[in-house]
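Quick caveat, the model's predicted, so the values are computed rather than measured.
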Amino acid sequence: MTNSKTIKLSGDIVFEANKYANVFSRSVPKQIEHWVKIGKIAEENPDLPYSFIKDILLSLEETKNEKPVPYIFG
């Protein structure tokens, strides 16, 4: 169940979100949700680089679809 709420954002944030949303084929709200998700993970794990966070999220998605790719060390 999702609770939605109307919030006010600065025009600059919406403008930037619109640019990225277009590039990644997301809606503006979905782009902002994506940034919030990444930001929350980064804040909770300050030692992890963005690329590692992205790879973790991709791995979790692959696991949902039952198509995991083995990790290659090195």
Spacing of I41 atom CD1 and Y50 atom OH [to the nearest 0.5 Å]: 10.0 Å

Which other residues belong to the hydrophobic cluster containing I72, where Ile, Leu, Val, Met, Phe, Trp and Tyr are joined when side-chain heavy atoms lie under 4.5 Å apart, directly or via other members? none

What distance do K19 atom NZ and Q31 atom CD have between them, rounded to the nearest 0.5 Å? 11.5 Å

If you measure from the Lys or Arg side-chain nitrogens to the Asp or Glu carboxylate oxygens, is any gap between K64 and E61 under 4.0 Å? yes

Please round to the nearest 0.5 Å and tell me the distance separating atom CD1 of I56 and atom CG of L48. 5.5 Å

In a check of side-chain contact (heavy atoms from CB on, under 4.5 Å) between H34 and each of I38, I32, V36, which one passes? I38

Could you see if F15 belongs to whatever hydrophobic cluster contains L9? Use Ile, Leu, Val, Met, Phe, Trp, Tyr and a side-chain cutoff under 4.5 Å. no

How long is the span from the OH atom in Y20 to the OG atom in S25, to the nearest 0.5 Å? 15.0 Å

Could you check whether K40 pairs with E44 (Lys NZ or Arg NE/NH1/NH2 to Asp/Glu carboxylate O, under 4.0 Å)? yes

Quick one: does any side-chain atom of N18 pair with a main-chain N or O of V14 as donor and acceptor, under 3.5 Å? no

Measure the spacing between CH2 of W35 and NZ of K30 and express it to the nearest 0.5 Å. 15.0 Å

